[in-house]
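To start, the structure itself, in structure tokens.
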Amino acid sequence: MKSEDTPFEGGPLDGRVLPVLLGPTGHPPKVYRVPVPDGAGGPPTVLVYRRVPAGAGAGRLGLHQGWKYEYDPTGRAGRLRWPWSKPDPVRDPVRDPAPDSVRDPAQDPGRGPVPGATPDGGPEDTRG
């Protein structure tokens, strides 16, 4: 397999240059995960680095200078993004209040009915 010396920036591997295996397209993986064993015997901590283009200037011809990895402190491992996949849920504090608060439609009539709420009248009410 072919490998390429790739610099790492940020996090515990800052300033190191490690050989990274290249994929079938000749590029290193987009996300590089480094498991760090726990000294107490617990589950390992996983450091996540994301691939970004190296070199700020692409030169006159517009060719990029290779790749480098930047530390991702969130540690969220990326997933495949297919066109038909749902986007990652982003909680909007205005539309979705904190889970410990209870929404009362009587206090906030502008939002409309609460999903899953029983409409006016009971199931035995046949008059509509």
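Within the model, atoms OH of Tyr49 and OH of Tyr69 stand 12.0 Å from one another, a figure rounded to the nearest 0.5 Å.
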Would you give me the side-chain donor-acceptor pairs under 3.5 Å for residues 1-9, sequence neighbours excluded?
| from | atom 1 | to | atom 2 | distance (Å) |
| --- | --- | --- | --- | --- |
| Thr6 | OG1 | Glu4 | O | 3.1 |
| Glu9 | OE1 | Lys68 | NZ | 3.3 |
| Glu9 | OE2 | Lys68 | NZ | 3.3 |

Identify every side-chain donor-acceptor pair in residues 34-45 under 3.5 Å, counting partners at least two apart or on other chains, and give the distances.
| from | atom 1 | to | atom 2 | distance (Å) |
| --- | --- | --- | --- | --- |
| Asp38 | OD2 | Gly42 | N | 3.1 |

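Through side-chain heavy atoms spaced under 4.5 Å, either directly or across other Ile, Leu, Val, Met, Phe, Trp or Tyr residues, Trp67 is tied to no other residue. Val52 belongs to no hydrophobic cluster, as no Ile, Leu, Val, Met, Phe, Trp or Tyr side chain comes under 4.5 Å of its own.
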Quiz prompt | Candidate pair Arg51 and Glu70, rule side-chain contact (heavy atoms from CB on, under 4.5 Å), full reasoning | solution = CA-CA 7 Å; Arg51 182 185 74 185; Glu70 287 184 352; over 6 Å; no
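Side-chain contact between Tyr71 and Leu13 is absent, with no heavy-atom pair separated by less than 4.5 Å.
With sequence neighbours excluded, no residue forms a side-chain hydrogen bond (donor to acceptor under 3.5 Å, both in side chains) with Thr25.
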